[in-house]
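To start, the structure under review is shown below, and the notes come after it.
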Amino acid sequence: QVNLVESGGGVVQAGGSLRLSCTASGGTYSRYIGGWFRQAPGKEREFVAAISRSAGIRNYADSVKGRFTISRDNAKNTVYLQMNSLKPEDTAVYSCAAADRIATGQALSATKYNYWGQGTQVTVSS
């Protein structure tokens, strides 16, 4: 129902910032809960952040609270992940996702998401 494409990844020094974008096509992203996940080499995919359809509810992994901000611009069919104070341990492939519906407290589960982007590499150098 919707195709997702991430952009904005790159290489940044520790302490720097990046903003990732996830733009939907073939569907309206505002109809979905938006999520960001990341996966480092040899590691399991982990939840980063999620945002409700109206942006009234936002959830973050403990490891990124206070540093990352998820937002959305439904007019642009885009969900963003603003990443500040980046650390080398933030290095990973970041993927965005969309869920048709999700129960309270389940936004951190990748299995609850129906659609996924291809991922964008974020590398944080020390």
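Only heavy atoms go into these numbers, but all of them, side chains included; no hydrogens, no water, no symmetry mates.
By the rule that hydrophobic residues join a cluster once side-chain heavy atoms approach within less than 4.5 Å of another member, L18 and V64 end up as members of one cluster.
Judged as a salt bridge (charged side-chain N to carboxylate O under 4.0 Å, His left out), the pairs with a partner in residues 80-100 (not counting sequence neighbours) are, in order, R38-D90, R67-D90.
The shortest distance between side-chain heavy atoms of L86 and F68 falls below 4.5 Å.
Across all non-hydrogen atoms, the minimal contact from S30 to T28 is OG-CG2, 2.9 Å. Nearest heavy-atom pair across Q121 and A92 is NE2-O, 3.5 Å. Smallest separation of non-hydrogen atoms from G9 and V122: CA-CG2, 4.2 Å. Nearest heavy atoms, A107 versus N59: CB-OD1, 4.3 Å. The minimum heavy-atom distance linking A97 with Y29 is given by the pair O-OH, 2.9 Å. Looking at every heavy atom in both residues, S126 comes nearest to P88 through CB-CG, 4.0 Å.
Remark: the backbone N or O of G27 is paired with a side-chain donor or acceptor of N77 at under 3.5 angstrom. At least one donor-acceptor pair closer than 3.5 Å links the side chain of E6 to the backbone N or O of Q118. Looking only at distances, a side-chain donor or acceptor of N74 sits under 3.5 Å from a matching main-chain atom of R53. Side-chain atoms of R19 do not come within 3.5 Å of backbone N or O of Q82 as any donor-acceptor pair.
Shown here are the side-chain hydrogen bond (donor to acceptor under 3.5 Å, both in side chains) partners of T120, two or more places apart in sequence or in another chain: there are none. Every residue was checked against the side-chain hydrogen bond (donor to acceptor under 3.5 Å, both in side chains) condition with S21, not counting sequence neighbours, and none meets it. Looking at residues two or more places apart in sequence or on another chain, you find a ring-ring contact (aromatic ring centres under 6.0 Å, His included) between F37 and F47, Y113, W116. Residues satisfying the side-chain hydrogen bond (donor to acceptor under 3.5 Å, both in side chains) criterion with R58, sequence neighbours excluded, are absent altogether. Scanning for salt bridge (charged side-chain N to carboxylate O under 4.0 Å, His left out) contacts around K43 gives an empty result, with sequence neighbours left out.
Interatomic distance, CD1 of I57 versus CD1 of I70, reported as 12.5 Å (0.5 Å rounding). Between L81 atom CG and C96 atom SG the span is 10.0 Å, to the nearest 0.5 Å. Taken from CD1 in I33 to CZ in R72, the straight-line distance is 8.0 Å, to the nearest 0.5 Å. Considering OH of Y60 and CD1 of I51, their distance stands at 7.0 Å, rounded to 0.5 Å.
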### Query
side-chain hydrogen bond (donor to acceptor under 3.5 Å, both in side chains) between T111 and S109: does it pass, once the steps are laid out?
CA-CA 5 Å; T111 62; S109 177; 2.8 Å; yes
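Looking only at atom types and distance, the side chain of T23 has a donor-acceptor partner in the side chain of T78 under 3.5 Å away.
Between Y115 and Y32, the angle of the ring planes goes over 60°, which puts this pair in the perpendicular group of the 30/60° scheme.
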